[in-house]
Trainee: 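Okay, here's the structure, questions in a sec.
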Amino acid sequence: MQRVNSFIVDHTRLQPGIYESQINGAYTYDVRFVAPREAVHNGVFMDPKVAHTLEHFLADYLRTKTDEEFSRKVLYVGPMGCLTGFYLLTTEPFDPHFLRKLVVEALEHILEAEKDGIPGASELTCGNYRYFDLEKAKEFIREVVIPNFTSGSFSVVYPLIEA
């Protein structure tokens, strides 16, 4: 029986980083902001309003504020259900360190944003247009994501469950 790729990753050893897998011609990047053990044991994960805020900013940044060569290859940007990171799907492979640079640039862009500057945050363009928290998102970026994405523990190789 085939197993789901993410179910063979050892989440007890998974660290912040960007991990690639290819399925059916699409490239999926696990953009992990927080180690799952840190989330579970210390409560360090994204609040749902923070995840929603980051989703709008990251999707906008990666699709409209990067060069066209990259942006036209972005298929999807969205939060993980466990609230420890995001999925980024592309049509072509990219070096995880290149993606790390883009993600950090996007996060720095968010830190400069004004409250009324959340992309797509209107009744016309979002199904839950009041469900954002820019200040908490900025706090999460400053206190958790930037330190994790600029530290020496940033990883690009999945720790797999020993068979």
Side-chain angles (χ1 to χ4, degrees), residues 2-24 26-63 65-66 70 73-90 92-113 118-119 128 131-163:
Q2 187 173 346
R3 294 170 62 182
V4 176
N5 284 351
S6 63
F7 294 170
I8 63 172
V9 173
D10 184 343
H11 284 69
T12 66
R13 296 186 300 135
L14 190 59
Q15 294 298 311
I18 297 180
Y19 306 90
E20 176 192 303
S21 63
Q22 180 191 7
I23 301 171
N24 299 329
Y27 294 85
T28 300
Y29 294 91
D30 171 338
V31 182
R32 191 68 62 153
F33 291 155
V34 178
R37 288 185 69 95
E38 180 87 8
V40 171
H41 297 290
N42 299 325
V44 181
F45 51 85
M46 291 180 285
D47 174 276
K49 284 185 175 183
V50 167
H52 189 214
T53 304
L54 295 180
E55 175 187 18
H56 276 242
F57 273 106
L58 290 172
D60 178 67
Y61 190 90
L62 295 174
R63 289 187 175 122
K65 294 179 177 43
T66 57
F70 175 79
K73 295 173 185 169
V74 174
L75 296 172
Y76 172 77
V77 181
M80 296 175 177
C82 62
L83 301 173
T84 61
F86 275 75
Y87 290 113
L88 168 62
L89 277 68
T90 63
E92 292 183 18
F94 290 93
D95 181 282
H97 295 288
F98 168 76
L99 295 176
R100 175 189 194 179
K101 179 180 160 289
L102 287 182
V103 169
V104 170
E105 287 173 5
L107 297 171
E108 290 170 346
H109 171 74
I110 296 167
L111 291 174
E112 296 173 9
I118 299 171
N128 202 355
Y131 198 71
F132 295 100
D133 193 329
L134 181 56
E135 290 314 308
K136 273 191 178 178
K138 288 180 178 185
E139 180 181 313
F140 183 74
I141 290 167
R142 279 191 298 270
E143 295 179 9
V144 177
V145 186
I146 295 289
N148 284 346
F149 265 52
T150 57
S151 77
S153 66
F154 183 88
S155 185
V156 298
V157 178
Y158 270 133
L160 301 178
I161 295 172
E162 304 289 324

Trainee: So, for Y19 and S155, which heavy atoms are closest and what is the spacing to 0.1 Å?
Mentor: OH-CB, 3.3 Å
Trainee: Name the orientation class of the two ring planes belonging to F70 and F98 (parallel below 30°, tilted from 30 to 60°, perpendicular beyond 60°).
Mentor: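 Rings of F70 and F98: perpendicular, over 60°.
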Trainee: When you measure from the side chain of H52 to the backbone of Y131, do you find a donor-acceptor pair of N or O atoms at a distance under 3.5 Å?
Mentor: yes
Trainee: Assess whether side chain to side chain contact (heavy atoms under 4.5 Å, CB included) is satisfied between F140 and L54, documenting all intermediate values.
Mentor: CA-CA 10 Å; F140 183 74; L54 295 180; 4.2 Å; yes
Trainee: Output the distance between atom CD1 (I146) and atom CG (L107), rounded to the nearest 0.5 Å.
Mentor: 5.0 Å
Trainee: Please name the pair of heavy atoms, one in H11 and one in P36, separated by the smallest distance, quoted to 0.1 Å.
Mentor: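 Answer, listing the atom of H11 first, then P36: O-CB, 3.6 Å.
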Trainee: From L134 CG over to I141 CD1, what is the distance, rounded to the nearest 0.5 angstrom?
Mentor: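 The CG atom of L134 sits 8.0 Å away from the CD1 atom of I141.
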Trainee: Ring centroid separation for Y29 and F94, is it under 6.0 angstrom?
Mentor: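 No, ring centres 6.0 Å or more apart.
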Trainee: List the steps, then state whether side chain to side chain contact (heavy atoms under 4.5 Å, CB included) holds for C82 with R32.
Mentor: CA-CA 11 Å; C82 62; R32 191 68 62 153; 3.8 Å; yes
Trainee: For the CG atom of D30 and the CE atom of M80, what is their distance to the nearest 0.5 Å?
Mentor: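 Between D30 CG and M80 CE, I get 3.5 Å after rounding to 0.5 Å.
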Trainee: Establish, yes or no, whether a centroid distance under 6.0 Å links the rings of F149 and F33.
Mentor: yes
Trainee: So which atom in A106 and which in Y61 form the shortest heavy-atom distance, rounded to 0.1 Å?
Mentor: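 Heavy atoms of A106 and Y61 come nearest at CB-CD2, 3.4 Å.
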Trainee: For L58, is there any backbone N or O sitting under 3.5 Å from a side-chain donor or acceptor partner on R63?
Mentor: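 Side chain of R63 to backbone of L58, a donor-acceptor pair under 3.5 Å: no, none is there.
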Trainee: When rounded to the nearest 0.5 angstrom, what is the spacing between CZ in F132 and CD in E55?
Mentor: 8.0 Å
Trainee: Does this structure show an ion pair linking K49 with D47, if we count only N-O contacts that are shorter than 4.0 Å?
Mentor: no
Trainee: Within the distance-only criterion (no hydrogens, no angle test), does the side chain of N42 pair as donor or acceptor with the backbone N or O of V44 below 3.5 angstrom?
Mentor: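 The answer is no, because no donor-acceptor pair under 3.5 Å joins these two groups.
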Trainee: Please list, chain by chain and in numerical order, all residues satisfying side-chain hydrogen bond (donor to acceptor under 3.5 Å, both in side chains) with K73, sequence neighbours excluded.
Mentor: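 For K73, the residues satisfying side-chain hydrogen bond (donor to acceptor under 3.5 Å, both in side chains) (neighbours in sequence not counted) are E69, E92.
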Trainee: Any non-hydrogen side-chain atom of L75 less than 4.5 Å from a side-chain atom of Y27?
Mentor: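 They are not in contact (no side-chain heavy atoms under 4.5 Å apart), so the answer is no.
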Trainee: To the closest 0.5 Å, what do you measure between OG1 (T28) and CG (L89)?
Mentor: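 Here the interatomic distance stands at 4.0 Å.
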Trainee: Might you point out which heavy atoms bring N148 and V34 nearest each other, and give the distance in Å?
Mentor: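 Result for this residue pair: ND2-CA, 4.1 Å.
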Trainee: To check you understand the geometry: which heavy-atom pair defines the closest contact between S151 and R100, and what is its length?
Mentor: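 Nearest pair, atom of S151 first, then R100: O-NH2, 3.5 Å.
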Trainee: Not counting sequence neighbours, which residues clear side-chain hydrogen bond (donor to acceptor under 3.5 Å, both in side chains) with K65? List them please.
Mentor: D60
Trainee: Determine whether more than 12 heavy atoms belonging to other residues, nucleotides or ligands lie under 6.0 Å from atom CZ of F45.
Mentor: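 It does not: F45 CZ has 12 such atoms or fewer within range.
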Trainee: Where is the tightest heavy-atom contact between E20 and P93, given as atom of each residue plus distance?
Mentor: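 Closest heavy-atom pair between E20 and P93: OE1-CB, 4.2 Å.
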Trainee: Do F57 and P119 come close enough that some side-chain heavy atom pair is under 4.5 Å?
Mentor: yes
Trainee: Look up atom CG in D10 and atom CZ in R37, then write down how far apart they are to the nearest 0.5 Å.
Mentor: 9.0 Å
